[in-house]
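Notes for the one structure printed next.
We use all heavy atoms of the structure for the numbers below, so side chains are in, but hydrogens, waters and symmetry mates are not. Note that the coordinates shown come from a computational prediction; the quantities given were computed from them, not determined experimentally.
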Amino acid sequence: MQLPAFYAMEELDVNREDQRRAPIYEALERFRRQRVVPFDVPGHKRGRGNPELVELLGEKCVGIDVNSMKPLDNLCHPVSVIREAERLAAEAFGAENAFLMVGGTTSVVQSMILSVCKRGDKIIMPRNVHKSAINALVLCGAVPVYVNPQVNPTLGISLGMEAGCVEQAIRENPDAVAVLVNNPTYYGICSDIRTIAGLAHARGMKVLADEAHGTHLYFGKGLPTPAMEAGADMAAISMHKSGGSLTQSSVLLTGKGVNADYVRQIINLTQTTSASYLLLSSLDISRRNLALRGEESFAGVIRMAEYARNEINSIGGYYAYGKDLINGGSIYDYDVTKLSVYTLGIGLAGIEVYDLLRDEYDIQIEFGDICNILAYISIGDRQQDIERLVGALADIARLYKKDRTGLLSGEYISPRVIKSPQEAFYAEKRSLPIRESRDRISGEFVMCYPPGIPILAPGEIITGEIIEYIMYAKEKGCSMQGTEDPEVEYLRVLV
């Protein structure tokens with residue numbers, strides 16, 4: 001195809017030197033200099049119609065908040081600058097193909113599952129998946145085969161999938177079409193994804209990886225194996241988490257043997273036709289940054305995280321865990337950039353420490369659950385920020401430490417699945433007070449967010465243990481989501 005001169009591109013074939021380019025960003029800069037008169041959307045017309053928006057975001061930002069057009073390509077059917085940016089991303093991540101995504105990693109996970117599953121298909125996965133994975137089953141009608149993870153009884157967190165347990169699930173469900181692996185979990189725990197990929201491929205199953213928290217694995221040294229290197233067929237990458245792009249921007253990676261044209265069709269079923277060029281250009285620039293400087297940047301992240309881990313453990317009462325957890329099975333490897341800290345040793349639930357850090361010390365961490373907190377450390381952090389966090393945690397231990405009597409532990413409750421997520425979600429339902437819902441089948445999700453791992457999903461039995469956990473999480477101040485009732489006083493159950 002002969003490209004118009006406007007694009008000023010030499011060719012679409014990529015090589016390592018091309019990683020210095022950011023095609024979408026460069027095209028936006030050329031477009032901005034042209035001072036084109038807009039008679040298209042968006043209606044703010046480069047900010048002129050909404051001065052408050054300009055004041056908030058700045059003239060340059062709103063000036064490149066533009067619609068798809070020939071010079072800027074189209075995300076639904078890219079043929080020029082977006083296509084080149086996707087090829088550069090594929091090369092940077094070691095994938096066969098890459099798809100820039102503007103609906104967050106939720107849309108990436110759903111696109112992966114929808115690409116390989118249809119109604120009635122089985123997919124093997126851990127139960128401690130993000131809600132987006134189970135939402136995908138609601139959409140396509142696939143049936144989950146859960147490999148229930150072990151739970152660390154002290155930390156109260158679910159662990160990885162053991163290869164032996166996955167092998168058993170594959171043997172018992174030879175008609176399954178795919179295996180989904182978290183790589184890593186929110187807490188930093190990794191399964192043996194290379195072995196799991198080999199087991200799945202031996203039976204003709206696709207391997208999908210939720211790497212929402214694993215962008216850095218592709219660029220750092222001494223970190224767990226990334227999915228594409230391990231032989232996975234598809235991977236969901238949250239560039240905005242540890243990769244430095246704008247919130248809601250992500251990447252879908254595919255390997256050899258995956259029909260990329262069909263995947264694009266699946267993506268276009270749900271992804272917007274009005275893709276934000278702010279998000280697209282941030283993906284382009286962030287990919288360039290990681291390709292050129294990622295190894296050095298993440299070496300610094302590792303140093304900061306390990307320093308913080310050692311300092312926090314010296315305070316007493318806390319346990320900032322790391323590679324010491326590795327057991328070769330349910331914890332095959334650990335992502336040391338995750339600063340996960342067990343807090344029950346000072347008599348406070350993780351969510352209570354989370355609230356104290358925000359309200360008393362002006363420190364916003366990623367999340368707090370019943371037993372732990374997670375401070376997300378990445379390329380934008382500084383040593384002085386780490387010192388402030390460590391100091392605040394020491395202060396909290398000194399001022400707020402109490403007896404831990406009465407504190408619950410445990411983040412994962414093994415479910416009893418009665419109906420598929422799709423069947424339960426669309427079934428006739430009625431609302432019951434939560435205490436009266438015991439032994440009924442749930443028709444909706446209940447989860448603490450973050451991290452967004454369902455305590456209860458459609459099609460699962462509501463047990464007394466689950467009810468007590470939900471009530472306790474509410475009492476401690478966890479943000480509860482997923483229910484039709486915003487106060488989570490009632491649950492929707494199947495009639």
### Query
Taking C-beta and beyond as the side chain, do Thr185 and Asn128 meet within less than 4.5 Å on heavy atoms?
yes

### Query
Is the backbone N or O of Leu100 less than 3.5 Å from a side-chain atom of Glu86, with the two atoms forming a donor-acceptor pair by type?
yes

#### Entry: Modelled atom types, side-chain donor and acceptor of Asp381 and Ser378, under 3.5 Å
no

### Query
Is the side chain of Asn259 donor-acceptor paired with the backbone N or O of Asp261 at a distance under 3.5 Å, no angle test?
yes

### Query
With sequence neighbours left out, what residues match Tyr376 under ring pair (Phe, Tyr, Trp, His ring centres under 6.0 Å)?
His213

### Message
If only side-chain N and O atoms count, and only distance matters, is there a donor-acceptor pair under 3.5 Å linking Asn372 with Tyr321?
### Response
yes

### Query
Donor-acceptor pair, Gln271 side chain versus Ile267 backbone, under 3.5 Å?
no

### Task
May I ask you to decide if Ile386's main-chain N or O and Tyr307's side chain share a donor-acceptor pair within less than 3.5 Å?
no

### Message
When you compare the side chains of His240 and Ser245, does any donor N or O come within less than 3.5 Å of an acceptor on the partner?
### Response
no

### Message
Within this structure, what is the CD1-CE distance for the pair Ile193 and Met161, rounded to the nearest 0.5 Å?
### Response
8.5 Å

### Query
Is it the case that Tyr186 and Glu366 place a side-chain donor and acceptor less than 3.5 Å from each other?
yes

### Task
Quick one: do Arg21 and Asp284 satisfy salt bridge (charged side-chain N to carboxylate O under 4.0 Å, His left out)? Show the steps, please.
CA-CA 9 Å; Arg21 299 205 50 211; Asp284 201 19; over 6 Å; no

### Query
At what distance, to the nearest 0.5 angstrom, does CG of Asp210 lie from CD1 of Ile237?
9.0 Å

### Message
Quiz question: by atom type and distance under 3.5 Å, do the side chains of Gln383 and Arg303 form a donor-acceptor pair?
### Response
no

Donor-acceptor pairs under 3.5 angstrom involving side-chain atoms of residues 219-229: please list them, not counting sequence neighbours.
none

## Note on the structure
Correct closest heavy-atom pair for Glu311 and Val390 would be CB-CG1, 3.8 Å

### Phe367 vs Tyr187, ring-ring contact (aromatic ring centres under 6.0 Å, His included): CA-CA, chis, key distance, verdict
CA-CA 11 Å; Phe367 79 88; Tyr187 301 91; 5.6 Å; yes

### Task
Take Asp324 and Tyr319, measure what side chain to side chain donor-acceptor pair (under 3.5 Å) needs, and give me the verdict at the end.
CA-CA 11 Å; Asp324 52 298; Tyr319 173 33; 2.2 Å; yes

#### Entry: Check against salt bridge (charged side-chain N to carboxylate O under 4.0 Å, His left out), Glu296 and Arg293
CA-CA 6 Å; Glu296 176 186 354; Arg293 293 177 284 274; over 6 Å; no

#### Entry: Test log, rule salt bridge (charged side-chain N to carboxylate O under 4.0 Å, His left out), inputs Arg382 and Asp385
CA-CA 5 Å; Arg382 305 167 299 175; Asp385 301 324; 2.9 Å; yes

### Message
Nearest 0.5 angstrom please: Thr270 OG1 to Met101 CE, how far?
### Response
6.5 Å

### Query
How many angstroms lie between atom CZ of Phe445 and atom CG of Leu491, to the nearest 0.5 angstrom?
13.5 Å

### Query
Picking from Arg287, Met239, Lys241, what satisfies side-chain contact (heavy atoms from CB on, under 4.5 Å) with Thr215?
Met239

### Message
As a quick check of understanding, evaluate side-chain contact (heavy atoms from CB on, under 4.5 Å) for Arg309 and Val336, giving each step before the final call.
### Response
CA-CA 9 Å; Arg309 190 171 284 112; Val336 296; 4.0 Å; yes

### Query
Leu339 versus Val341: any side-chain heavy-atom pair under 4.5 Å?
yes

#### Entry: Pair Lys122-Asp175, salt bridge (charged side-chain N to carboxylate O under 4.0 Å, His left out): steps then yes or no
CA-CA 7 Å; Lys122 294 179 182 177; Asp175 54 340; 3.3 Å; yes

### Task
Could you list all the side-chain hydrogen bond (donor to acceptor under 3.5 Å, both in side chains) pairs where at least one residue sits in residues 102-117, not counting sequence neighbours?
Thr105-Ser238, Thr105-Ser250

#### Entry: Side chain to side chain, Ile113 and Val109, heavy atoms closer than 4.5 Å
yes

### Query
Between the side chains of Tyr218 and Glu211, is a donor N or O closer than 3.5 angstrom to an acceptor N or O?
yes

### Task
State whether Tyr449 and Lys131 meet the cation-pi test: NZ (Lys) or CZ (Arg) under 6.0 Å from the six-membered ring centroid, and within 45° of the perpendicular axis.
yes

### Query
Centre of Phe425's six-membered ring, under 6.0 Å away, within 45 degrees of the axis: is that where NZ or CZ of Lys429 sits?
yes

### Query
So, His216 versus Asp335: side-chain donor-acceptor pair below 3.5 Å or not?
yes

### Message
I need the Ser80 OG to Ile24 CD1 distance, nearest 0.5 Å.
### Response
9.5 Å

### Message
For Glu460, run the salt bridge (Lys or Arg N to Asp or Glu O under 4.0 Å) check against Lys419, Arg416, Arg127 and tell me which one passes.
### Response
Arg127

